[in-house]
Amino acid sequence: MVNEEMSNNVLEIMNNSNIIEESESIINETKSTEQNLSKRQLKRLKKTEKWIQRKSEKRLKERTKLKEKRAFARANNINLGPSRKVLKRCTMANSTCQINVSIDLSFDDLMIDKDVAKMIKQILRCYTLNRRASAPLQFSLTNFTGKSQQEMKKHNGYEHWDVKFHAEHYSNLFDKEKIVYLTSESDNVVENLDNDTAYIIGGLVDHNAQKGHCHKLAKNNGIKHGRLPLDKYLNMKTRKVLSIVHVFEIILRISEGKSWEETLLQVLPERKNAQPISHCSSPIIEEEIKQL
């Protein structure tokens with residue numbers, strides 16, 4: 001236990017020194033280019049410089065807070081989820097689940113930088129969910145180039161995550177006949193998940209600016225498409241367009257053996273105001289149906 005803590009402390013010191021060195025090099029580069037920048041660009045650079053300087057300090061605070069949280073949990077017998085030893089064993093290679101889920105990152109040009117950053121944050125959340133699953137999905141990113149890749153580089157060590165990163169298009173990685181592009185506009189309902197099928201999620205955060213784009217793309221490329229069975233199990237007054245992370249988590253929970261109704265109610269945010277169809281039926285209507 002002592003050796004493990006010592007090694008963790010050494011790793012923390014090394015990580016912090018690396019962050020400081022990286023920060024200093026970036027700051028020096030920015031200073032050399034300041035003379036050729038406009039006021040707006042200069043303001044952005046100074047903001048970035050300040051963020052980099054505070055990065056190492058923030059990391060230390062986060063680690064300290066995490067240690068305190070773990071100590072409190074141990075003292076009060078609180079379960080914080082799977083241990084590190086368990087997580088090391090729960091990899092995609094060792095998983096009993098062979099369902100492929102890939103996020104298509106071919107939409108960088110359709111998003112502003114802020115939306116690309118939001119999309120990458122959702123991917124980070126997908127990775128966390130998959131990493132903590134006892135039987136992880138076979139998770140991959142395709143068309144991993146351009147702005148998406150640059151944004152991901154802000155997260156140190158992402159190359160070592162248990163995710164497959166591909167620069168190629170998903171159609172070059174999976175059998176075309178075994179691909180299903182998930183899109184809410186599709187008329188095809190996906191209710192059974194197949195181990196030999198690759199389910200594609202569009203990596204697009206567009207605030208409805210590109211409505212139906214993924215569906216149109218799948219049709220034009222002759223790719224099978226489908227939507228999750230929200231209508232069958234839920235009564236929703238809002239649009240049935242879900243975020244990347246919600247679609248991913250739904251597939252993950254269904255792969256774990258949970259029912260669609262239970263999963264959808266658990267995963268969907270409260271603002272969707274989703275109600276089970278079984279609870280929404282009027283007793284009068286049900287009685288009339290019985291008499292028919």
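These numbers were taken from a predicted model, which means no experiment stands behind them. Just so you know, residue 1 is the first one in the sequence shown, and it goes up from there.
Atom CD1 of Ile99 is separated from atom OG1 of Thr96 by 9.5 Å, given to the nearest 0.5 angstrom. The OG atom of Ser38 sits 8.5 Å away from the CZ atom of Arg44 when rounded to the nearest 0.5 Å. Taking CG of Leu264 as the start and CD of Glu249 as the end, the distance is 11.0 Å to the nearest 0.5 Å. In this structure, CG on Leu141 lies 10.5 Å from CD on Gln149, to the nearest 0.5 angstrom. To the nearest 0.5 Å, the span separating OG on Ser95 from CG on Leu137 amounts to 7.5 Å. Distance check: Leu129 CG to Leu124 CG gives 11.0 Å after rounding to the nearest 0.5 Å.
A side-chain donor-acceptor contact under 3.5 Å links Gln122 to the backbone of Val245. No side-chain donor-acceptor contact under 3.5 Å links Glu159 to the backbone of Asn156. Between the His166 side chain and the Glu168 main chain, no donor and acceptor come within less than 3.5 Å of each other. The backbone N or O of Ile223 sits nowhere less than 3.5 Å from a side-chain atom of Asn221 that would complete a donor-acceptor pair. Lys118 places no side-chain N or O within donor-acceptor distance of the main-chain N or O of Val205, the cut-off being under 3.5 Å. Formation of a donor-acceptor pair under 3.5 Å by the Asp108 side chain with backbone atoms of Ser148 is found in this model.
Using bins of under 30°, 30° to 60° and over 60° for the plane-to-plane angle, the ring pair Trp161/His155 lands in the tilted bin.
You'll find the side chain of Ile251 reaches within 4.5 Å of the side chain of Leu182, heavy atoms only. Taking the side chain as every heavy atom from C-beta outward, Met92 and Asn130 approach each other to under 4.5 Å. Residues Gln266 and Lys258 have side chains in contact (heavy-atom distance under 4.5 Å, counting atoms from C-beta outward). No side-chain heavy atom of Thr197 sits less than 4.5 Å from a side-chain heavy atom of Asn100. When side chains are defined from C-beta on, Phe165 does not count as touching Thr142, because their heavy atoms never get closer than 4.5 Å. A 4.5 Å side-chain heavy-atom check between Phe144 and Ser106 finds every atom pair outside the cut-off. In this structure the side chain of Ile250 reaches within 4.5 angstrom of the side chain of Leu242, judged on heavy atoms. Side-chain contact check for Pro136 versus Arg131: every heavy-atom pair is 4.5 Å or farther apart.
Hydrophobic clustering of Ile, Leu, Val, Met, Phe, Trp and Tyr side chains at less than 4.5 Å, counting indirect connections, keeps Val189 apart from Ile200. Residues Ile112 and Leu110 are members of separate hydrophobic clusters, defined by side-chain heavy-atom contacts under 4.5 angstrom among Ile, Leu, Val, Met, Phe, Trp and Tyr.
Centroid-to-centroid, the aromatic rings of His213 and Phe107 come within less than 6.0 Å. For Phe248 and Phe139, the ring centers are positioned less than 6.0 Å apart.
One side chain, His225 or Ser186, offers a donor N or O that lies under 3.5 Å from an acceptor on the other. Counted by atom type alone, Asp104 and Tyr181 present one or more donor-acceptor pairs between their side chains at under 3.5 Å. Of the N and O atoms on the side chains of Ser259 and Glu261, not one donor lies less than 3.5 Å from an acceptor on the other residue. Defined by atom type and a distance below 3.5 Å, a donor-acceptor pair is missing between the side-chain atoms of Thr91 and Asp162.
Summarising the local packing, CG of Asn94 is surrounded by more than 12 heavy atoms from other residues, nucleotides or ligands at distances under 6.0 Å. Atom CG of Asn192 has 12 or fewer neighbouring heavy atoms from other residues, nucleotides or ligands inside a 6.0 Å radius. In this structure, Lys121 places its NZ atom where only 12 or fewer heavy-atom neighbours from other residues, nucleotides or ligands lie under 6.0 Å away. Other residues, nucleotides and ligands place more than 12 heavy atoms under 6.0 Å from the CG atom of Asn188.
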Take Tyr158 and Val163 through the test side chain to side chain contact (heavy atoms under 4.5 Å, CB included) and record every step on the way to the result. CA-CA 9 Å; Tyr158 80 88; Val163 179; over 6 Å; no
Determine whether Lys232 and Glu191 satisfy the following criterion, salt bridge (Lys or Arg N to Asp or Glu O under 4.0 Å), listing intermediate values before the conclusion. CA-CA 10 Å; Lys232 184 174 180 179; Glu191 194 163 358; 3.1 Å; yes
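Here the closest non-hydrogen pair linking Lys176 and Gly222 is CE-O, 3.6 Å. Between Ala117 and Glu151, the shortest heavy-atom contact is CB-OE2, 3.6 Å. When every heavy atom of Lys147 is checked against every heavy atom of Met111, the shortest pair comes out as NZ-O, 2.9 Å. In plain terms, the two heavy atoms of Cys126 and Ile103 that are nearest each other are SG-CD1, 4.4 Å. Of all heavy-atom pairs spanning Gly226 and Val190, the tightest one is CA-CG2, 3.8 Å. Of all the heavy atoms in Ile244 and Gly202, the pair that sits closest is CG1-O, 3.7 Å.
A salt bridge is absent between Arg253 and Glu262; no separation between the charged side-chain nitrogens and carboxylate oxygens falls under 4.0 Å. Between Glu57 and Lys61 a salt bridge is recorded (basic side-chain N to carboxylate O distance below 4.0 Å).
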